[in-house]
J.: 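Below you'll find the structure I mean.
Everything quoted here is computed from the prediction, not taken from an experiment. Positions are given from 1, in the same order as the sequence printed here.
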Amino acid sequence: MMIKLITIILIILLVFILYRNHRQSQQSLRTPYMHPSAHKPLIVLVIDSLMDLPLQETVSLGQAPALHFLQKKGEYYPKVVSSFPTMSVSIDSTLLTGTPPNQHHIYGLSYYHPSEKRVVNFGTGARESLKFGVRTVLQDSLQHYNQHYLSSRVSTIHEDYPEDTASINALLYRGNQSLDLYAPWLAQFLGLMPKKIPARVPALFSFGVFARLAKASKPKHLWSRYGLNDRFARMELISLIKQKQLPAFSIVYLPQNDDAVHAKGPQEIKGIKKVDKELQAILEAFGSWDDALQKANFIIMGDSGQTHMIPNHKSAYIDLRTLLQTYKIMPIAQQSPQPSDQLILCVNERMAYIYILDQQVSLAEIVSHLQKEERIDIIAWRQEERIHVTNHLNTQVQYQAKGKYCDEYDQTWEIEGDLTLLDIHVVNQNQLTYGEYPDVLSRLAGVMDNYTPMIVMTAAAGYELVGEASPTHVGGSHGSLHYMDSYVPMIVTGHLPPPPKLRLIDFKAWWLSLYKTNDD
């Protein structure tokens, strides 16, 4: 009962924060945008957890007419490789910067920040957020993600695009324009947020009730994610269309399909049917669906897939605390380690990081504990330049960049060991092809650094990793390197040149190249 009461109070406080920020930010945000691009607008719509098979099923049943229309009129790519870990903030950071986590520095929803010596948590789940500290989670996700934790050494599509851009409900939005957000007095009084929150945003910026583009764009009610929903995103995009203010590049995030898939599993099509209705309204805003394709180019894409959780709920969850119970694991409420802490667990659904703080604890002994669990799929760590990978069968692979083997993405590697561990095959003597784990060598290398001894692990298909207060899912889950978590579909209209590589990490460069070719 107390937890429910606290949750209600926190929801009310968050409503105050977001509503007041919206009201006070409108004056600084509302610079008239009267010069739309001479280029044909490119609109990127990201549908959370959109996957090929349920998309094709929904289309075949006649229950996704807008997606069917766009697919028919455009090019369809069923297997685009997401980033790793396949979690929202790390995916968006890779998508919009064109760099891996060890360059943009966003390693997932939860990870250890070595220079600050604390765990960063962007909101993995309600229970974990309450234990970790709601104030800290709010500050990390709403205040620090875009402005502090995303590396200043990388740039976003909004910062590099030749013209003004639009961002609607995207988690990552860092741009070239300054905007001060102001927390309400109640949030200031309770110490939840500072009074003034400086931000860097694109020219056209919308983030729920945090910042609106049109007065008519309102959440259906206060409990509908405070505007961070498909309906609000659709209304904001339509306001740009109706006012003829579409810039050359817009990215729009449609999050709600993810909820349906987490609850019911990857076969669930209810979320696709709902988002299709929003797409229908967007197309109709141009006058007709055919007019929409004449006036704009569209990219409709997923961000990650999800894997079916096995029906037996109890055995579906791998409790890392049980496997590592002989060690002192830092409590999540503590946030920063104490001298007695030996390990830090940062769990991201179907993948996790284990950070080793105690110099007397070796990587090898932690790996040996993890190998006792058959439900763990891949265990990996880095020593100097080489990445080591193993599993519960003690199968071994070692690799590093720049070698005699070349993969399908023109990356070269030096690799040895039993390649069946990663379902990699060698053809024509030195060509590598990937199977169950798309682009696994690059994606796994992309989360490795040398700051703190660390182990990266993923769960086998059907299972989820858990730690203290971790969220659990009964339908679908993601986070891992497996193809079910990693492949997403994409529809591209307008006869645009295809991406050179079908990977999200390559899309920023592709979108920039399209600027030169997308006006008719």
Side-chain angles (χ1 to χ4, degrees), residues 3 6-18 21 46 48-49 85-93 101 104-113 116 118-150 169-174 181 183 187 190-193 197 199 207-210 223-229 253-259 261-263 303-304 306 331-336 344-353 464-473 477-479:
I3 291 177
I6 292 172
T7 303
I8 291 170
I9 293 171
L10 291 171
I11 288 172
I12 293 170
L13 288 175
L14 185 54
V15 171
F16 270 116
I17 292 169
L18 297 179
N21 280 345
V46 182
D48 203 332
S49 294
T86 41
M87 302 296 289
S88 56
V89 290
S90 50
I91 295 169
D92 287 2
S93 301
H104 61 62
H105 295 171
I106 305 297
Y107 289 86
L109 283 175
S110 177
Y111 60 91
Y112 180 63
H113 198 293
E116 295 191 357
R118 63 171 291 254
V119 171
V120 175
N121 191 309
F122 294 118
T124 49
R127 284 180 60 238
E128 192 165 43
S129 295
L130 284 170
K131 274 205 165 187
F132 191 82
V134 172
R135 183 174 76 90
T136 305
V137 171
L138 282 173
Q139 290 181 344
D140 283 348
S141 57
L142 297 179
Q143 182 180 347
H144 299 314
Y145 168 36
N146 281 270
Q147 318 306 330
H148 175 60
Y149 288 124
L150 184 74
N169 275 1
L171 299 174
L172 181 65
Y173 53 74
R174 196 176 74 190
L181 303 179
L190 294 175
L192 290 175
M193 300 182 79
I197 305 168
F207 193 69
V209 293
F210 224 134
W223 316 109
S224 60
R225 296 172 175 260
Y226 320 110
L228 298 176
N229 57 56
Y253 183 54
L254 303 165
Q256 290 181 268
N257 180 59
D258 182 68
D259 297 335
V261 180
H262 271 310
D303 60 347
S304 77
Q306 291 200 31
I332 60 174
Q334 192 174 292
Q335 299 178 13
S336 296
I344 295 176
L345 301 182
C346 291
V347 180
N348 291 269
E349 295 188 23
R350 288 179 24 80
M351 73 83 62
Y353 300 107
E464 192 171 55
L465 299 165
V466 298
E468 182 187 355
S470 295
T472 54
H473 302 91
S477 184
H478 49 80

J.: Residues two or more places apart in sequence or in another chain: which of them pass ring-ring contact (aromatic ring centres under 6.0 Å, His included) with His104?
T.: none

J.: For the residue pair Asn121 and Gln335, confirm or rule out a side-chain donor-acceptor distance under 3.5 Å.
T.: no

J.: Drop me the distance from Asn229's CG to Tyr253's OH, to the nearest 0.5 angstrom.
T.: 12.0 Å

J.: Report the distance from atom CD1 of Ile332 to atom OG of Ser110, rounding to the nearest 0.5 Å.
T.: 8.5 Å

J.: Can you find a pair of side-chain heavy atoms, one from Leu345 and one from Glu468, that are under 4.5 Å apart?
T.: no

J.: Run His478 and Glu464 through side chain to side chain donor-acceptor pair (under 3.5 Å) and show every step you take.
T.: CA-CA 8 Å; His478 49 80; Glu464 192 171 55; over 6 Å; no

J.: Using 0.5 Å steps for rounding, measure from the CE atom of Met351 to the CE atom of Met87.
T.: 9.0 Å

J.: Sequence neighbours left out, what passes ring-ring contact (aromatic ring centres under 6.0 Å, His included) with Tyr107? Give chain and number order.
T.: Tyr111

J.: So, Ser129 side chain and Val134 main chain: donor-acceptor pair closer than 3.5 Å or not?
T.: no

J.: Measure the spacing between OG of Ser477 and CD of Glu349 and express it to the nearest 0.5 Å.
T.: 4.0 Å

J.: Tell me every residue that passes side-chain hydrogen bond (donor to acceptor under 3.5 Å, both in side chains) with Asp303, counting only those two or more places apart in sequence or in another chain.
T.: none

J.: Of all residues at least two apart in sequence or in a different chain, which pass the salt bridge (charged side-chain N to carboxylate O under 4.0 Å, His left out) check with Glu128?
T.: none

J.: For the CG atom of Leu138 and the CD atom of Gln143, what is their distance to the nearest 0.5 Å?
T.: 10.0 Å

J.: Is a donor on one side and an acceptor on the other found under 3.5 Å between the side chain of Ser49 and the backbone of Asp258?
T.: no

J.: Should Asp140 and Arg135 count as an ion pair when the cut-off is N to O under 4.0 Å?
T.: no

J.: Between Asn146 (side chain only) and Leu172 (backbone N and O only), is there a donor and an acceptor less than 3.5 Å apart?
T.: no

J.: Between the main-chain N or O of Arg118 and the side-chain N or O of Glu116, is there a donor-acceptor pair closer than 3.5 Å?
T.: no

J.: Tell me, do Leu142 and Phe207 make a side-chain contact under 4.5 Å, heavy atoms counted?
T.: yes

J.: Residues two or more places apart in sequence or in another chain: which of them pass ring-ring contact (aromatic ring centres under 6.0 Å, His included) with His473?
T.: His262

J.: Can you tell if the side chain of Leu254 reaches within under 4.5 Å of the side chain of Asp48, non-hydrogen atoms only?
T.: no

J.: Looking at residues at least two apart in the chain, or sitting in another chain, which of them share a ring-ring contact (aromatic ring centres under 6.0 Å, His included) with Phe132?
T.: none

J.: Look at the rings of Tyr149 and His144 and say which category their plane angle falls in: under 30° parallel, 30 to 60° tilted, over 60° perpendicular.
T.: perpendicular

J.: Classify the side-chain pair Gln139/Tyr145 by whether it contains a donor and acceptor separated by less than 3.5 Å.
T.: no

J.: Going from CG on Leu171 to CD1 on Ile106, what distance comes out if it is rounded to the nearest 0.5 angstrom?
T.: 11.0 Å

